[in-house]
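Taking it in order: structure first as structure tokens, then the write-up.
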Amino acid sequence: MEENPTLESEAWGSSREWLAPREARGGPSLSSVLNELPSAATLRYRDPGVLPWGALEEEEEDGGRSRKAFTEVTQTELQDPHPSRELPWPMQARRAYRQRNASRDQVVYGSGTKTDRWARLLRRSKEKTKEGLRSLQPWAWTLKRIGGQFGAGTESYFSLLRFLLLLNVLASVLMACMTLLPTWLGGAPPGPPGPDISSPCGSYNPHSQGLVTFATQLFNLLSGEGYLEWSPLFYGFYPPRPRLAVTYLCWAFAVGLICLLLILHRSVSGLKQTLLAESEALTSYSHRVFSAWDFGLCGDVHVRLRQRIILYELKVELEETVVRRQAAVRTLGQQARVWLVRVLLNLLVVALLGAAFYGVYWATGCTVELQEMPLVQELPLLKLGVNYLPSIFIAGVNFVLPPVFKLIAPLEGYTRSRQIVFILLRTVFLRLASLVVLLFSLWNQITCGGDSEAEDCKTCGYNYKQLPCWETVLGQEMYKLLLFDLLTVLAVALLIQFPRKLLCGLCPGALGRLAGTQEFQVPDEVLGLIYAQTVVWVGSFFCPLLPLLNTVKFLLLFYLKKLTLFSTCSPAARTFRASAANFFFPLVLLLGLAISSVPLLYSIFLIPPSKLCGPFRGQSSIWAQIPESISSLPETTQNFLFFLGTQAFAVPLLLISSILMAYTVALANSYGRLISELKRQRQTEAQNKVFLARRAVALTSTKPAL
């Protein structure tokens, strides 16, 4: 087919006219117009030396000046000491950048003032320290593999497990330094009070008399009684030494403060990610498509993992977008029907929770009565079951109701992330409130229902007839809860999950379809971790070795859950936003810490300590040891410490805190206004960009007609 010479000459003519100098064209060039766009500034971040939009070699006059100005801007930015990994350049450009900086640092290292050299040395040391701490994080590669294969939501569970393991390790180290070490350095602890020793508060003999059978030894191991009752595992073992009592109490407050600070730090970092993900500051799809890839990845395994992570994130965004679009087009009648369904379902949830709490209270109250029956005393296995009755009932409730909550959540018409939040709220309320009901029942037994004038509590301030060492009894209950939770996890994995996987693989027919594929249930697993950690926080004061036991438990749990995940579970069909989990999980953990602090503070300040065991025996309250220890200090130190509790110190502190808070709020408001202004400016720049691009296209299309 013969080409049209007229069209070809017109095209070459327009091209020659376009390539002519700017003065000959009589108007602004497309290069100059496009260089004014905001996107032109981003080109210099792609690779040092990339030319601006439309810069052609034939444009000697304009191109020379543009290239010169562009080179000056690039050189100015390259003078900033950015790490090469933060620059979105190809690997070859990053290597050249590192080599150039290394040679420049060798030349400049000997020059400059002493302050500059120390500042550079401090900056390098800080960067190396951060890299070293990052490399010391355990299971980093395992978490990346889990996130790539099962989604970021499942990865957040294992990240939370690693964080809780760190908290328990710190608590165990503090316990060893502030409790166990002073106990043994002060001499061998005395033994338990003999059966012949009596006091107005009765007698206390934790050791069993006569020959102890194997069944009794096993019972003592599982219940914390017998030889374990008078051991470093429980509160009653520690002798009444003033310094030990102070360090024991300081250890409890130090652990609580450290946990609070670390959880707040984790919550704040998760809040930043959540706010960024929930806001419209970043377009979800474009951000993940154009900015989520790491060009420094090496190896097919890392590349595939990163691809899966981006795929899961896009699936979350698409699923939530579909739900939001469905909610946006609902009519008024459909909205009323949805809210009616939500109200009815929430009433059902409240009824189930009320029945569960009443059952826990009943099981705890009946335990003491059943233990006194002769039949229970004769049969060790039945006695063990009665001792574990509250734990069994709590575990049964926590096993039955969360699946019901999971069935209810999709009926309410929320997004997947919102469903996860509601399931977590209901499940955490179930677990933590069950623990609160158990503690309330124990408080009812210790304080005779709060009646200090009752016959059993009038003499010593607590029920010394049934609970001669009530702190150890409370520690035993938390010990049994922790141990039973571990046994439950092992039983579910070995007796349900692995046989179900085998059944699904060996029976491809209807039986295999009935077994179905298993998914890793992130809400249930996370609430199990938070429940176990709350139990440890409640019982660590009364069972000092409980954080150490929980450390061992979490280590076993990590490898067991990892084996279960890769062996029996498949990727979740419906995922949820990991940024919400990174904020909500520490928030629920913070709630567990707050709940655990209530019974601990109440025991320290209001309930009289046991008269026959523990480091605070003989005191009117556990806190009374602190003023007594302060009175033995020098007078200057006493005056300073008592000054900290007076109004002369509290009022200025309150004023200074109010001023700092007002300044912070004003600064946050100014930043908010600045962000709003920048958002409006960004929208204006986007509109200008579209206008300039259209103007440039119009100029190029009308040029041949002139």
Side-chain angles (χ1 to χ4, degrees), residues 4 6-78 82 86-90 93 276-277 279-293 295 310 313-314 317-318 321 325 673-706:
N4 192 345
T6 306
L7 294 177
E8 184 178 0
S9 61
E10 289 180 358
W12 278 104
S14 62
S15 176
R16 285 190 297 268
E17 183 180 359
W18 174 252
L19 294 175
R22 182 168 57 89
E23 291 78 3
R25 293 196 299 265
S29 65
L30 180 61
S31 173
S32 60
V33 173
L34 291 178
N35 281 332
E36 297 177 1
L37 297 178
S39 58
T42 63
L43 276 175
R44 57 178 176 271
Y45 294 107
R46 299 181 185 177
D47 191 7
V50 175
L51 297 179
W53 291 102
L56 301 176
E57 295 181 357
E58 288 81 4
E59 292 185 319
E60 296 294 338
E61 299 177 0
D62 295 343
R65 289 194 295 268
S66 301
R67 189 179 296 109
K68 182 179 180 181
F70 175 74
T71 305
E72 292 177 357
V73 174
T74 304
Q75 295 298 329
T76 303
E77 293 190 349
L78 287 178
H82 294 294
E86 297 180 2
L87 297 174
W89 291 350
L276 187 62
S279 65
E280 298 180 355
L282 293 176
T283 305
S284 302
Y285 306 110
S286 62
H287 171 64
R288 285 173 173 81
V289 171
F290 296 106
S291 304
W293 188 256
F295 290 93
I310 298 175
E313 291 177 350
L314 290 175
E317 294 294 338
L318 292 173
T321 302
R325 287 180 178 177
R673 289 192 296 270
L674 180 60
I675 290 173
S676 301
E677 183 64 29
L678 290 175
K679 287 181 179 179
R680 287 193 296 269
Q681 184 178 355
R682 185 190 63 182
Q683 295 175 356
T684 305
E685 291 292 338
Q687 296 173 359
N688 293 339
K689 179 179 178 180
V690 174
F691 172 77
L692 291 174
R694 291 177 178 174
R695 180 63 177 168
V697 173
L699 288 174
T700 56
S701 60
T702 58
K703 183 59 64 177
L706 294 178

Is Glu677 salt-bridged to Arg680, cutoff N-O under 4.0 Å? yes
Residues two or more places apart in sequence or in another chain: which of them pass side-chain hydrogen bond (donor to acceptor under 3.5 Å, both in side chains) with Gln687? none
Set of residues satisfying side-chain contact (heavy atoms from CB on, under 4.5 Å) with respect to Leu678, sequence neighbours excluded: Leu674, Gln681
Under the salt bridge (charged side-chain N to carboxylate O under 4.0 Å, His left out) test, which residues partner Arg325, sequence neighbours left out? none
Restricting to side-chain hydrogen bond (donor to acceptor under 3.5 Å, both in side chains), what partner residues turn up for Arg673, sequence neighbours left out? none
